[in-house]
Amino acid sequence: MAHCTQPSCSCHHGGPLHPAHHLTFTERGKTRTVYVPQDLLTEVQLWVQEYQRLKVLIHEISQLTLVLIKGHVSHRRRRGRR
């Protein structure tokens, strides 16, 4: 929680803080943060979940590709020795 920048808000003048949601990401090697409005929070959370799911899938595809390449190289070496 943090003090907001709205002069009309009580937390701006030292009153109780209110929750704020931010999305943090890396862009061109720098960490960036953007404010997520309350009415977009559920949708942004779904986007983040999909992003994380896609990262896992990409990792799995990369690992499978490496296995295929290593298997191909190994197979060629065994065939060449006969």
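Just so we're clear, the structure is a prediction, and the values are computed from it rather than from any experiment.
Put simply, CZ on R53 and CD1 on I58 are 10.5 Å apart, with the number rounded to the nearest 0.5 Å. One finds the CD1 atom of I61 at 9.0 Å from the CG atom of L54 (value rounded to the nearest 0.5 Å). Here the CZ-OG1 distance, from F25 to T33, works out to 7.5 Å after rounding to the nearest 0.5 Å. Atom-to-atom distance recorded for Q63:CD and L68:CG is 11.5 Å, nearest 0.5 angstrom. Atom CZ of residue R32 and atom OG1 of residue T24 lie 12.0 Å apart, to the nearest 0.5 angstrom. Atoms CG and CG, on L40 and L23 in that order, are 11.0 Å from each other to the nearest 0.5 Å.
Partners of Y35 by ring-ring contact (aromatic ring centres under 6.0 Å, His included), not counting sequence neighbours, listed by chain and number: H22.
Side-chain N or O atoms of S74 include none that pairs as donor or acceptor with a backbone N or O of K70 at under 3.5 Å.
For the ring pair (Phe, Tyr, Trp, His ring centres under 6.0 Å) condition, no pair includes a residue of residues 49-75, sequence neighbours left out.
In this structure, V48 is a member of the same hydrophobic cluster as V34, with clusters built from ILVMFWY side-chain heavy atoms closer than 4.5 Å.
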